[in-house]
Amino acid sequence: SEVHVAIDTGLPQKMLTTSGRFLHVQVTPIATNNAIASNASVVMFRDVSDVEKAQKEVLNSERLLRTLVDHSVNGIVRLRWSDEGDESGTRKLRCIFANAAAGRYLNTDSETILSCTADNLLEYATTGMMDADGIALRERFADAAARGEVFDTETRVEIGGAAIWLRMIGEPVGDDFALTFVDVTDGKAKEKRMESIARSDPLTGVLNRRGFERDAAQRLKESEDDATGALLFIDLNDFKQINDRYGHEVGDQLLTIAAERLQKSLRSCDIIGRPGGDEFVALVPDVRPDVAEKLATRLTGSLEQEYLINGRQLLCTASIGLALYPQHANTLT
């Protein structure tokens with residue numbers, strides 16, 4: 001048994017009792033001048049069940065954590081400061097651990113990652129970005145790591161030939177630095193859809209007042225100094241009478257058809273909005289005054305064609321007023 005092994009060898013032993021307790025067995029010789037007791041020893045039993053249980057729980061937790069990290073869909077990298085600096089003497093962060101997902105996000109394998117510095121890793125991560133943007137991102141990361149601060153950014157990168165939105169989170173972990181890569185493409189798409197809904201007119205699909213003012217103002221702001229253009233304000237004159245006589249459902253269909261006619265008659269670069277009611281507005285950049293006037297006449301003709309709704313042929317006259325850029329104004333307001 002463990003007791004005999006401890007007595008024979010003098011080495012501490014661990015034993016499990018029939019009751020399920022763990023005991024630490026240690027044998028200590030007794031120093032004595034008595035010849036009869038010259039081989040006497042003291043055997044000490046110490047109950048270490050709680051310690052054993054705690055150590056086992058820690059080990060199981062570490063195994064579970066390692067399993068979760070290894071199988072995580074997020075890329076996880078751990079970096080450590082190296083005493084070997086570059087030519088300028090600056091210390092470098094070097095990779096000491098990378099899970100399988102990290103290799104996917106960095107367009108390489110986890111074995112290659114283990115030989116990389118943080119700068120090398122971010123070069124892999126920024127594949128497909130403009131060189132200047134990639135350099136700027138790496139500089140921001142290096143500055144945050146040197147200060148021991150959290151680094152958190154989202155950027156569009158190319159992975160496996162496909163463009164995705166990648167979130168990079170760096171944070172100090174003791175003396176090390178952890179870097180996590182998270183694919184947020186789906187979230188970005190949802191965010192874009194929600195933004196589109198907030199900026200669009202739910203009935204006609206063109207921009208609402210808020211969306212038009214934002215997009216048109218931005219377009220004017222970005223225009224060259226010698227740019228030209230026109231703002232068209234469109235009113236469906238007979239809409240109220242049609243809406244009152246035939247009902248809102250017919251009125252809504254008429255507005256939808258009118259918006260479709262405007263979209264077909266204008267260019268993809270033109271910005272169309274519906275401020276409300278029976279009014280539409282369009283920003284038409286890069287057109288001369290004579291072209292803008294001809295466009296307004298053509299749009300009026302298109303809007304005044306018959307509307308076939310629920311078997312009825314309806315007519316709705318239209319009026320268009322316009323302001324020229326930059327003759328009349330150089331801001332949307």
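Heads up: numbering here begins at 1 and tracks the sequence.
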* To do: Please say whether more than 12 non-hydrogen atoms of neighbouring residues, nucleotides or ligands are located less than 6.0 Å from CZ in R46.
  => no
* For residues P285 and D270, determine if any side-chain heavy atom of one lies less than 4.5 Å from a side-chain heavy atom of the other. => yes
* **Within-4.5 Å side-chain heavy-atom neighbours: R156 and K188** => no
* Asked: Is a salt bridge present between K240 and D244, judged by a nitrogen-to-oxygen distance below 4.0 Å?
  -> yes
* Asked: Quick one: does D133's side chain get under 4.5 Å of T155's, heavy atoms only?
  -> no
* N208 side chain vs A198 backbone, donor-acceptor pair below 3.5 Å -> yes
* Would you say S196's side chain and K192's backbone share a donor-acceptor pair under 3.5 angstrom? -> no
* Under 4.5 Å between any side-chain heavy atoms of V250 and R312, yes or no? -> yes
* Pairs flagged by side-chain hydrogen bond (donor to acceptor under 3.5 Å, both in side chains) wherever residues 227-237 is involved - sequence neighbours left out -> N237-T317, N237-S319
* Structure fact -> So CD1 of I113 and CD1 of I96: to nearest 0.5 Å the spacing works out to 13.5 Å
* To do: Could you check F151 against D143 for side chain to side chain contact (heavy atoms under 4.5 Å, CB included), going step by step and ending with a plain yes or no?
  => CA-CA 9 Å; F151 171 83; D143 183 61; over 6 Å; no
* To do: Compute both the distance and the angle, then confirm whether R261 meets the cation-pi test with Y307: under 6.0 Å from the six-membered ring centre, within 45 degrees of the axis.
  => yes
* **Salt-bridge contact E213-R209 (side-chain N to carboxylate O under 4.0 Å)** => yes
* Structure fact -> Only residue of I272, L283, V206 satisfying side chain to side chain contact (heavy atoms under 4.5 Å, CB included) with F212 is L283
* Asked: Just by distance, do the side chain of E304 and the backbone of A318 share a donor-acceptor pair under 3.5 Å?
  -> yes
* **Residue that, paired with F45, satisfies side chain to side chain contact (heavy atoms under 4.5 Å, CB included) out of M15, R21, H24** => M15
* Structure fact -> From the list V182, L122, L121, D152, side chain to side chain contact (heavy atoms under 4.5 Å, CB included) partner of M168 resolves to L122
* Asked: With a 4.5 Å limit on heavy-atom distance, are the side chains of L314 and Y246 in contact?
  -> yes
* Partners passing side chain to side chain donor-acceptor pair (under 3.5 Å) against R298 (at least two apart in sequence or in another chain) -> none
* With a 4.5 Å heavy-atom cut-off, do L93 and L179 have their side chains touching? -> no
* Tell me, yes or no, whether the heavy-atom count around E224 atom CD, taken from other residues, nucleotides or ligands under 6.0 Å, exceeds 12. => no
* Do L236 and L255 touch side chain to side chain, with heavy atoms closer than 4.5 Å? -> yes
* Asked: Taking the side chain as C-beta and beyond, is there a heavy-atom pair between V77 and F181 under 4.5 Å?
  -> yes
* To do: State which residues pass salt bridge (charged side-chain N to carboxylate O under 4.0 Å, His left out) with R138; sequence neighbours excluded, sorted by chain then number.
  => D119
* To do: For Q253, look at atom CD and say whether over 12 heavy atoms of other residues, nucleotides or ligands are found less than 6.0 Å away.
  => yes
* N74 backbone acceptor or donor facing N99 side chain under 3.5 Å -> yes
